[in-house]
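Below is one structure, written out as structure tokens, with a few remarks after it.
Predicted model, so just to flag it, every value in this text is computed and none were measured. Order of the sequence lines fixes the chain letters, A, B, ..., with proteins taken first and strands second; residue numbering starts at 1 for each chain.
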Protein chains: 2
Amino acid sequence: MTDATDETGRTGKPAARTAPDVPAVAHVPAAPFAPDRLTARAREIVAAARDLLEESGPAVLTMRTLADRLGIKAPSLYKHFPDKHAVEVELIAQMLEESAAALEAAESRTPGSLEALAEAYRTYALAHPHLYCLATERPLPRTLLPAGLEDRAALPLLRACAGDRDLARATWAFTHGMVSLEIHGRFPEDADLDAAWKRGLRTLHP
Amino acid sequence: MTDATDETGRTGKPAARTAPDVPAVAHVPAAPFAPDRLTARAREIVAAARDLLEESGPAVLTMRTLADRLGIKAPSLYKHFPDKHAVEVELIAQMLEESAAALEAAESRTPGSLEALAEAYRTYALAHPHLYCLATERPLPRTLLPAGLEDRAALPLLRACAGDRDLARATWAFTHGMVSLEIHGRFPEDADLDAAWKRGLRTLHP
DNA sequence: CCGTCATGGCTAACAGCGTTAGCTGAATTG
DNA sequence: CAATTCAGCTAACGCTGTTAGCCATGACGG
């Protein structure tokens, strides 16, 4: 569990009195989401990286193939990012941002519905499996992410759980576990996953 | 989702009439578990690989460092395994075997207890996080694994769910999700994970 | 208008990765 | 004793992320 390269962060929040101190309204865009986070060229690079990742998987997302796709040479990428990890961080931020948006949309379509949130989560993850795994199968680079993004991604589910953090975490674990096992093909081929989803959601939210 | 290197397998079993056609007794060692699966030297190599992985993580598990630890040169490893993936497959098999054993032990200690199974699962995974991730975050190399091992690892939970496959899958997803998120430090630092585990297990098995 | 400087490309190179080819000495076997 | 297999070795290839250092372009201040 000692992987060295890690982030510890998670700034304060006064420790939370398990009761709902959760904002009741959705769509407060938590952080202003600085648009000058990246230069225009850097955004192009991230876009190309994302195409590459989603099309062909992480093994193909290489500084050289990435540069190729942009018509430049690999070392030039280092004029825009300090290292490969930094462009991966941007991809992780995109995934967080988009899945938060997907959850917020589901919430405003069907307020309070856990099923709607779960469906949105599953749909987004399965539509972007490589991106989902990239963002999910390593420690969160919290200190490098836009402020508030992690919380924003978590809030819709917490709201649907009426502020019950334990239930929200258990539900998140269930949905993440289903998606993760599904993406990696760990269920038997003939497994009825829709039924497993329904079963899990029904027992978690009776 | 097209990762090329994959295994499709999952040999037959006549499709299962959702009802418990599950063996009622534990500890039937499903497959004879051929001890000549590997030569003695190959087993030494796998043991060294495992030490390396568990001590220092996947980035350090390199053909060269592995050879170093054995006092030989990297190319010599290819006299014993066709490639690196083949030694990883052995590590995956070890993880499956050991976690199956841990679940079977918990089952025979406290028959029918989901809590006991979940605790055994969580304890094993957190004791071997790198191994757990290695075995879990890629498609199962089913065709290369000892026959019956995957099923054996799944059976205790299926028994505790009285043969209800949907419930067993939902529960597996929950436990895997909790462990995965915990290993990668995705929960807030101050999160009470014991409470989340209890909450999830209680609602899944009232 | 001209010098200065930042920007964003480039080539060459390094260390480390998985892996292959081909050699060699020791042990086993017919 | 000859032949063969085993298990090590060195050298090398193509790939990876990354660094150093060079050069053209364009913006800007005096």
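Scanning for ring pair (Phe, Tyr, Trp, His ring centres under 6.0 Å) contacts around A:H176 gives A:Y132, with sequence neighbours left out. Not a single side-chain hydrogen bond (donor to acceptor under 3.5 Å, both in side chains) links B:E115 to another residue, sequence neighbours left out. Every residue two or more places apart in sequence or in another chain that forms a side-chain hydrogen bond (donor to acceptor under 3.5 Å, both in side chains) with B:R122 is listed here: B:E182, B:D194. Residues that satisfy the ring pair (Phe, Tyr, Trp, His ring centres under 6.0 Å) test with B:H128, not counting sequence neighbours, are B:Y124.
Residues B:W197 and B:V179 are in side-chain contact: their nearest non-hydrogen atoms beyond the backbone lie under 4.5 Å apart.
B:L52 places its CG atom 15 Å from the C1' atom of C:dC17, with the value rounded to the nearest Å. With rounding to whole Å, A:D83 atom CG is found 8 Å from D:dT19 atom P.
For D:dC9, one of the phosphate oxygens OP1 or OP2 lies less than 4.0 angstrom from a side-chain nitrogen or oxygen of B:S76. Regarding contacts with the backbone of C:dG9, a side-chain N or O of A:H80 is found under 4.0 angstrom from either OP1 or OP2. Phosphate contact (OP1/OP2 of C:dG9, side-chain N/O of A:R41, threshold under 4.0 Å): present.
Under the 3.5 Å distance criterion, with hydrogens and angles disregarded, a donor-acceptor pair is assigned to the side chains of B:E137 and B:H184.
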- Query: Tell me, for nucleotides 20-27 of chain C in 5' to 3' order, what letter each nucleotide earns: B for a base near a protein heavy atom under 4.0 Å, S for only sugar-phosphate near one, - for neither?
  - Reply: BB------

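Contacts between residues 64-73 of chain A and DNA chain D, counted as heavy-atom distances below 4.0 Å, involve A:R64.
Looking at heavy-atom distances under 4.0 Å, A:T62 makes contact with sugar-phosphate atoms alone, never a base.
Each of B:I45 and A:L61 was matched to the nucleotide of DNA chain D holding its nearest heavy atom; the match closer to the 5' end belongs to B:I45.
In B:E98, the CD atom is crowded: over 12 heavy atoms of neighbouring residues, nucleotides or ligands sit closer than 6.0 Å. Summarising the local packing, NZ of B:K84 is surrounded by more than 12 heavy atoms from other residues, nucleotides or ligands at distances under 6.0 Å.
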